[in-house]
2 protein chains.
Amino acid sequence: MKYDLNQKITRGAQRTLSAFTQSMFTLLAKESFEKIKVNELCELSNFPRATFYNYFQDKYDLLNYCWRVLADQINVVELTSLDHKEIPMQFFDRAYDLLSENKALFDQIMAHNEVDGTLINSFSSYMKTVTRDYLTQYFNQTASNLPIELVVNHFSNTILMLIEWIFLTNHPVTKEQGHQYLRALLGNL
Amino acid sequence: MKYDLNQKITRGAQRTLSAFTQSMFTLLAKESFEKIKVNELCELSNFPRATFYNYFQDKYDLLNYCWRVLADQINVVELTSLDHKEIPMQFFDRAYDLLSENKALFDQIMAHNEVDGTLINSFSSYMKTVTRDYLTQYFNQTASNLPIELVVNHFSNTILMLIEWIFLTNHPVTKEQGHQYLRALLGNL
DNA sequence: AGATGATATATACAAGTGTCCAATTTTATT
DNA sequence: AATAAAATTGGACACTTGTATATATCATCT
């Protein structure tokens with residue numbers, strides 16, 4: 001990301017960021033990520049190439065920003081103190097809702113992109129970071145004698161594996177059924 | 001992969017495949033994957049660009065083939081009937097040995113490539129496929145009422161997460177300690 | 001309204017990518 | 001050793017990428 005998101009974002013900058021983000025999602029619904037050219041994104045957004053490169057290193061950079069925009073919805077509610085055991089479930093619920101709300105978009109994306117391609121890898125990678133950061137806040141100590149990092153990784157992986165199984169490989173499952181699966185997979189940790 | 005690996009591989013083809021594979025590993029130990037150019041690979045291998053493109057779509061394709069060459073060592077021994085519970089441990093052991101034997105290589109690679117970069121994603125992705133294929137052979141049924149696919153994914157993810165934690169982020173752990181961790185993480189499934 | 005700093009734009013450029021093709025060399029087989 | 005199939009080669013090509021720079025336009029503040 002060439003543009004500094006921490007500074008005050010001007011109206012023009014916001015317009016540009018939104019335009020490119022929107023264009024990326026539009027194109028992803030129509031063709032594979034590999035085939036998308038920076039020129040296409042610029043034409044659809046009505047901005048010259050130079051502007052694109054003012055904001056992003058390359059299309060991967062923009063893609064990452066897209067996930068960020070999407071996933072930002074997930075952190076709206078701050079959690080008050082909760083039973084430790086319920087934290088993963090809470091996060092699963094939020095991810096479930098997020099993907100549900102954007103189900104149409106993801107369905108279209110999956111129609112043009114391989115499950116193990118660059119695009120989904122990028123999504124998984126971003127979500128993994130978000131999930132780990134979130135869980136790390138609440139897992140200061142663990143009952144078992146396992147390194148905390150391992151436990152956090154394991155919980156993140158499991159939650160996301162289930163989410164991706166449900167929404168990206170089209171295995172419709174209710175939220176309650178998801179809870180059952182998650183509980184069974186995570187066992188007594 | 002443009003070249004058909006199922007046909008009889010001629011001496012010349014084998015020489016070419018090996019040369020490019022070797023060059024890729026050599027360069028990965030020296031610089032990041034992103035910086036490696038097809039021209040570099042060709043110069044080091046003493047083959048013209050046209051030959052490279054006779055075999056591979058692009059450098060990502062070659063990278064994938066490299067993982068294949070590396071991981072092929074893992075499947076040497078055929079398993080006889082074993083206790084179901086021991087299958088994941090067996091696979092962990094093989095992966096552990098494979099990474100141990102190539103520890104020097106991976107250490108060098110990690111010195112120039114990010115843990116969450118394209119390179120490691122590609123490695124993870126390939127290993128995940130191999131692991132899933134392997135486990136699927138032996139997990140025809142599961143004790144719990146979970147979909148088999150979920151269980152296989154979960155086991156693969158956990159084994160690989162641990163392997164990567166040990167070898168790619170440099171947390172030295174003995175094989176026996178690894179077994180303990182794995183047993184704790186997988187619980188009673 | 002005018003000054004200032006941020007953003008947008010046009011254009012040019014070097015470098016890398018991936019494809020194609022026709023000629024040549026190597027290899028496997030008889 | 002002759003033959004046919006397979007692999008290598010060099011060169012040309014269109015296209016995409018990412019950078020750089022100078023100028024123009026916009027937004028915000030006093």
Side-chain angles (χ1 to χ4, degrees), chain A residues 1-24 27-28 30-66 69 114 117-119 122, chain B residues 1-24 27-28 30-66 69 112-114 117-119 122:
Chain A
M1 196 83 183
K2 282 183 186 162
Y3 188 83
D4 178 14
L5 290 175
N6 296 320
Q7 70 179 325
K8 219 186 304 176
I9 299 176
T10 62
R11 226 191 302 166
Q14 188 53 61
R15 211 188 310 140
T16 311
L17 285 167
S18 301
F20 280 119
T21 305
Q22 189 52 53
S23 296
M24 177 60 98
L27 289 179
L28 281 178
K30 286 195 205 154
E31 57 184 329
S32 85
F33 178 68
E34 316 296 341
K35 281 189 186 162
I36 296 176
K37 306 299 169 200
V38 174
N39 281 327
E40 266 188 290
L41 290 160
C42 292
E43 279 181 36
L44 194 56
S45 310
N46 285 306
F47 282 104
R49 287 169 53 75
T51 301
F52 177 89
Y53 285 110
N54 282 343
Y55 287 83
F56 309 102
Q57 310 265 4
D58 45 40
K59 63 175 181 171
Y60 300 90
D61 198 21
L62 167 57
L63 182 61
N64 205 55
Y65 177 73
C66 287
V69 168
E114 300 291 330
T118 312
L119 180 98
S122 157
Chain B
M1 197 83 181
K2 282 183 187 164
Y3 188 82
D4 178 15
L5 289 175
N6 295 319
Q7 69 179 322
K8 220 185 302 177
I9 299 176
T10 63
R11 225 190 304 165
Q14 187 53 62
R15 213 188 308 141
T16 311
L17 285 167
S18 301
F20 279 118
T21 305
Q22 188 53 54
S23 296
M24 177 59 97
L27 289 179
L28 281 178
K30 286 195 204 152
E31 56 184 329
S32 84
F33 178 68
E34 314 298 340
K35 283 188 184 161
I36 297 177
K37 305 299 167 198
V38 174
N39 281 327
E40 267 188 290
L41 289 160
C42 291
E43 278 180 36
L44 195 56
S45 310
N46 286 306
F47 281 103
R49 286 170 55 74
T51 302
F52 177 89
Y53 285 109
N54 282 343
Y55 286 83
F56 309 103
Q57 310 265 4
D58 46 41
K59 63 175 181 172
Y60 300 90
D61 197 22
L62 166 57
L63 183 60
N64 204 54
Y65 177 73
C66 287
V69 168
H112 301 282
N113 292 274
E114 301 292 328
T118 312
L119 181 96
S122 156

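Numbered from 1 within each chain, the chains take letters A, B, ... in sequence-line order. Because the structure is a prediction, the values reported are computed rather than measured.
Atom pair A:Phe56:CZ and C:dT7:P shows a separation of 13 Å (rounding to whole Å applied). When rounded to the nearest whole Å, the span between CD of A:Glu34 and P of C:dT17 equals 15 Å. Protein atom OH of B:Tyr60 is 15 Å distant from nucleotide atom P of C:dG16, rounded to whole Å. For B:Gln14 and C:dT27, the CD to P distance is 13 Å, given to the nearest whole Å. Atom pair A:Leu62:CG and D:dG18:C1' shows a separation of 15 Å (rounding to whole Å applied). Here the P atom of nucleotide D:dA7 and the CZ atom of B:Phe52 are 17 Å apart, to the nearest Å. Note: CG (A:Asn46) to C1' (C:dT9) measures 13 Å, nearest angstrom. Taking atom CD of residue B:Glu40 and atom C1' of nucleotide C:dA15, one finds them 13 Å apart after rounding to whole Å.
We find the CG-CG distance between B:Leu28 and B:Leu63 to be 6.5 Å, quoted to the nearest 0.5 Å.
Minimum interatomic distance between B:Ser32 and B:His112 (heavy atoms only, all atoms of both residues): CB-O, 3.2 Å. Here the closest non-hydrogen pair linking A:Asp61 and A:Lys2 is OD2-N, 4.0 Å. Scanning all heavy atoms of the two residues, the minimum distance from B:Thr10 to B:Tyr3 falls at N-OH, 4.0 Å. For the pair A:Lys59 and A:Glu34, the tightest heavy-atom approach, listed with the atom from each and the gap, is NZ-O, 3.1 Å.
Side chain of B:Ala13, nearest nucleotide from D:dA7, C:dT7, C:dT9: D:dA7.
One finds a side-chain N or O of B:Tyr3 lying less than 4.0 angstrom from the OP1 or OP2 phosphate oxygen of D:dA7. At C:dA8, one or more side-chain N or O atoms of A:Tyr55 fall inside 4.0 Å of OP1 or OP2 (strictly under the cut-off).
The aromatic ring centres of A:Phe33 and A:Tyr60 sit less than 6.0 Å apart.
For A:Lys37, the side chain to side chain contact (heavy atoms under 4.5 Å, CB included) partners two or more places apart in sequence, or in a different chain, are A:Glu40. Evaluation of the side chain to side chain contact (heavy atoms under 4.5 Å, CB included) rule for A:Asp4 yields A:Asn6, A:Gln7 as partners, not counting sequence neighbours. Annotation: side chain to side chain donor-acceptor pair (under 3.5 Å) contacts of B:Glu114 (sequence neighbours excluded): none.
If B:Gln57 and A:Phe47 are placed on DNA chain C by their nearest nucleotide, the residue sitting closer to the 5' end is A:Phe47.
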Between the protein and nucleotides 13-17 of chain D, list the N/O to N/O atom pairs that are separated by less than 3.5 angstrom.
| residue | atom | partner | partner atom | Å |
| --- | --- | --- | --- | --- |
| D:dT17 | OP2 | A:Val38 | N | 3.4 |

N/O-N/O pairs, protein side and nucleotides 22-24 of chain C side, under 3.5 Å:
none

**Request:** Might you work through the side-chain contact (heavy atoms from CB on, under 4.5 Å) test for A:Ile36 and A:Lys30, ending with a clear yes or no?
**Result:** CA-CA 10 Å; A:Ile36 296 176; A:Lys30 286 195 205 154; over 6 Å; no
Donor-acceptor list for residues 14-22 of chain A side chains, cut-off 3.5 Å, not counting sequence neighbours:
| residue | atom | partner | partner atom | Å |
| --- | --- | --- | --- | --- |
| A:Gln14 | NE2 | A:Ser18 | OG | 3.0 |
| A:Thr16 | OG1 | A:Gly12 | O | 2.8 |
| A:Ser18 | OG | A:Gln14 | O | 2.9 |
| A:Thr21 | OG1 | A:Leu17 | O | 2.7 |

Can you give each donor-acceptor pair under 3.5 Å made by side-chain atoms of residues 41-55 of chain B, sequence neighbours left out, with the distance rounded to 0.1 Å?
| residue | atom | partner | partner atom | Å |
| --- | --- | --- | --- | --- |
| B:Ser45 | OG | B:Ser23 | OG | 2.7 |
| B:Ser45 | OG | B:Leu41 | O | 2.6 |
| B:Arg49 | NH1 | B:Asn39 | OD1 | 3.4 |

**Item:** Annotated protein contacts, base or backbone, on nucleotides 20-30 of chain D with a non-hydrogen cut-off under 4.0 Å, one of B, S, - each
**Value:** -------SS--
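Among the protein residues, B:Lys2 comes within range of the sugar-phosphate backbone only, with heavy atoms under 4.0 Å from sugar or phosphate atoms but none that close to a base.
Residues B:Tyr65 and B:Leu5 meet the side-chain proximity criterion, which asks for heavy atoms closer than 4.5 Å.
Each end of the helix from C:dA1-D:dT30 to C:dT30-D:dA1 gets its own axis, taken as the rotation carrying the C1' atoms of four end pairs onto the next four within a five-pair window, and the two axes meet at 30° to the nearest 10 degrees.
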